[in-house]
Amino acid sequence: MWGPLISSRLDRYGSATGLSPENSSTITELVLVGFSDQPQTEIPLFIFFSLVYLASCLGNTAVVILVALDVSLQTPMYFFLCHLAFLNGFFSTVVTPKMLFNFLASRKVISYPFCLAQTYLTLFLESTECFLLAVMAIDRYVAICYPLRYLLIMSWAVCIALAVAVWVTGFCASVIPLCFMILPLCGPYIVDYLFCELPILLHLFCADTSLQEAMMAVGGAGTVLVPFLLIALSYLRILVTVIRIDSAEGRKKAFSTCASHLAVVTIYYGTGLIRYLRPKSLYSAEGDKLISVFYAVIGPALNPFIYSLRNKEVQGAVRRVVERYKKSPRIAF
C-alpha cells in the first residue's frame with residue numbers, strides 16, 4: 001500500500017536538492033513532495049491549514065487554561081481532557097509548521113534529523129492517544145455505572161497514576177521499539193507525502209524490512225486494538241447500565257456525558273480504519289495525504305470544540321472566568 005508513496009521522479013527533485021540515488025550514510029535531506037504536483041492549490045491550502053492550526057493551538061490551550069482556572073472543571077474527566085488537549089496541540093505542532101513552510105518553499109525538503117524526530121514523535125503521540133482515549137472511556141464507565149463511588153474510585157492519586165501510565169506506556173510501546181527499527185536509507189530520497197512517518201521510511205530502508213514490518217504489526221495490535229477493546233467493553237457496560245435506567249431524562253443525561261468522548265473516538269478510529277483497512281482498489285496517494293492531514297491537523301483542532309459545544313459545564317466555566325476577569329482590579333499606568 002505504501003509503495004506508491006515513494007516517488008520515482010528523481011530527475012525532477014534530485015537535481016534540485018543534490019541528493020544521489022546511491023545509498024549514503026551522510027544523508028542530510030529528504031524531499032517531501034506534498035501537493036507540489038498541484039501548485040495552484042498550495043496557497044489556498046496554506047491559508048486554510050494556517051487557520052486550522054491557529055484554531056487548534058487556541059482551542060487546546062484554552063481547554064487547559066480553563067480547567068486550571070475554574071474549580072468546577074477540576075474533575076477526573078477534565079483532568080484527562082487536559083492531557084488530550086496538550087497531546088493534540090503537541091501533535092499538530094510537530095507536523096503542521098513544517099508542512100505550512102513547504103507549501104510556500106521552492107525547495108520542499110526536510111532535514112533527515114527532523115524527519116526522524118517527526119517519526120518518533122508522531123508514533124509516540126499516536127500510541128499515547130490510543131491509551132488515553134481508553135482511560136477516558138473507563139472514567140466514563142465508572143462515572144455512569146458507579147456514580148456514588150465515582151470520586152472514591154477515581155481519586156486524584158488514581159488519576160495521576162493513570163495519566164503517568166498512559167504516557168509511559170505510549171513511550172515504551174512506540175519509541176523504544178522504533179530505536180531498533182531504524183536502518184540506513186537508500187536513495188532516491190523522495191517521499192510523496194506531507195510529513196515523516198514510520199510506514200513511509202520503511203520503503204526507504206536499504207535492507208530487508210520484513211522484521212520491521214512484523215514489529216510494526218505487533219506494535220499496532222497492542223497500541224490500537226487493546227485500547228479499542230477497552231473502549232468497546234466500557235461502552236457496552238455503559239449501554240447496559242443506561243438501558244436499566246427508568247427515566248428518559250436519566251438516560252439522556254447519562255448518554256450526554258459520553259457524547260463528546262464517543263465523537264472523538266469515532267473520528268480518531270474512523271480515520272484510522274479508512275486509512276489502513278480500505279481495499280487497495282480505493283487507494284490513491286492524494287487521498288492518503290488528505291487522510292493524513294485530517295488526523296494530524298484537522299482532528300486536533302476539532303476536539304476542543306467537540307468538548308465545548310453544547311457542554312453546559314464548559315460554557316458556565318467560560319462565563320465565570322470572563323466575569324472574574326472583568327471584576328479583577330486593573331493596574332493603572
Side-chain angles (χ1 to χ4, degrees), residues 32-36 38-70 73 78 80-111 114-115 117-119 121-126 128-129 132-133 193-197 260-261 263-268 270-272 275 286 288-311 313-315 317-322 325-326:
L32 289 176
V33 175
F35 293 106
S36 59
Q38 301 171 352
Q40 72 279 4
T41 67
E42 292 189 309
I43 297 299
L45 287 174
F46 172 82
I47 296 171
F48 174 72
F49 287 121
S50 294
L51 295 174
V52 173
Y53 178 58
L54 180 62
S56 176
C57 292
L58 293 177
N60 287 296
T61 302
V63 168
V64 176
I65 293 174
L66 193 62
V67 173
L69 293 179
D70 193 85
L73 295 184
Y78 291 102
F80 294 120
L81 179 58
C82 279
H83 283 265
L84 181 64
F86 172 77
L87 188 152
N88 287 159
F90 190 13
F91 191 104
S92 190
T93 299
V94 168
V95 170
T96 311
K98 182 60 179 175
M99 183 180 73
L100 293 176
F101 178 82
N102 276 1
F103 280 142
L104 302 180
S106 57
R107 295 180 69 250
K108 303 178 187 304
V109 297
I110 183 171
S111 70
F114 186 53
C115 180
Q118 272 194 343
T119 302
L121 287 172
T122 53
L123 189 62
F124 167 50
L125 294 172
E126 286 173 349
T128 302
E129 184 165 0
L132 181 58
L133 290 175
Y193 209 59
L194 293 163
F195 54 92
C196 291
E197 284 191 302
S260 298
H261 177 261
V264 171
V265 169
T266 301
I267 291 173
Y268 185 77
T271 305
R275 185 185 182 201
E286 298 303 312
D288 213 72
K289 294 174 194 176
L290 293 175
I291 294 172
S292 70
V293 295
F294 187 87
Y295 77 80
V297 184
I298 298 175
L302 287 177
N303 289 349
F305 295 99
I306 291 173
Y307 273 96
S308 59
L309 294 177
R310 300 185 65 182
N311 187 321
E313 289 180 333
V314 173
Q315 293 171 0
V318 171
R319 286 193 295 268
R320 286 190 294 273
V321 170
V322 171
Y325 174 77
K326 290 179 179 179

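Values reported hereafter were calculated over all heavy atoms of this structure, with side chains retained and with hydrogens, waters and symmetry mates removed.
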Give the minimum heavy-atom separation between [X] and [Y], together with the two atoms involved.
X    : Y    : value
A296 : P300 : O-CG, 3.5 Å
P97  : S92  : CD-O, 3.8 Å
V297 : T96  : CG2-OG1, 3.6 Å
V67  : Y78  : CG2-CB, 4.0 Å
F305 : A301 : CD1-O, 3.0 Å

Just by distance, do the side chain of [X] and the backbone of [Y] share a donor-acceptor pair under 3.5 Å?
X    : Y    : result
T128 : L125 : no
D70  : L66  : no
T122 : T119 : yes
K108 : V33  : no
K98  : T93  : no
N102 : L194 : no

List the atom pairs, donor and acceptor, that lie under 3.5 Å between side-chain atoms in residues 81-88 and the rest of the protein, sequence neighbours left out.
| residue | atom | partner | partner atom | Å |
| --- | --- | --- | --- | --- |
| H83 | ND1 | W167 | NE1 | 3.1 |
| N88 | OD1 | N303 | ND2 | 2.7 |

Looking at [atom1] of [X] and [atom2] of [Y], how far apart are the two atoms once the value is rounded to the nearest 0.5 Å?
X    : Y    : atom1 : atom2 : value
E126 : Y295 : CD    : OH    : 5.0 Å
F80  : L133 : CZ    : CG    : 12.0 Å
S50  : L45  : OG    : CG    : 10.0 Å
I306 : S260 : CD1   : OG    : 7.5 Å
S292 : F195 : OG    : CZ    : 4.5 Å
S56  : F90  : OG    : CZ    : 13.0 Å

List in chain and number order the residues that pass side chain to side chain contact (heavy atoms under 4.5 Å, CB included) with F294, two or more places apart in sequence or in another chain; answer none if no residue qualifies. I267, T271, I298, L302
Quick one: do Q118 and V94 satisfy side-chain contact (heavy atoms from CB on, under 4.5 Å)? Show the steps, please. CA-CA 6 Å; Q118 272 194 343; V94 168; 4.0 Å; yes
Go through the structure and list residues passing side chain to side chain donor-acceptor pair (under 3.5 Å) with Y268, not counting sequence neighbours. none
L54 and L58, any side-chain heavy atoms less than 4.5 Å apart: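 Result yes, sub-4.5 Å side-chain heavy-atom pair found.
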Quick check: do H261 and Y307 have side-chain heavy atoms less than 4.5 Å from each other?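 When only atoms from C-beta onward are counted, Y307 and H261 do touch, with a gap below 4.5 Å.
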Fit a plane to each ring of F103 and F49, take the angle between them on a 0 to 90° scale, and name the class: parallel (under 30°), tilted (30 to 60°) or perpendicular (over 60°). parallel
Stepwise side-chain contact (heavy atoms from CB on, under 4.5 Å) test for E313 and L73: CA-CA 7 Å; E313 289 180 333; L73 295 184; 4.1 Å; yes
Trace of the side-chain contact (heavy atoms from CB on, under 4.5 Å) decision for I47 with I43: CA-CA 6 Å; I47 296 171; I43 297 299; 4.1 Å; yes
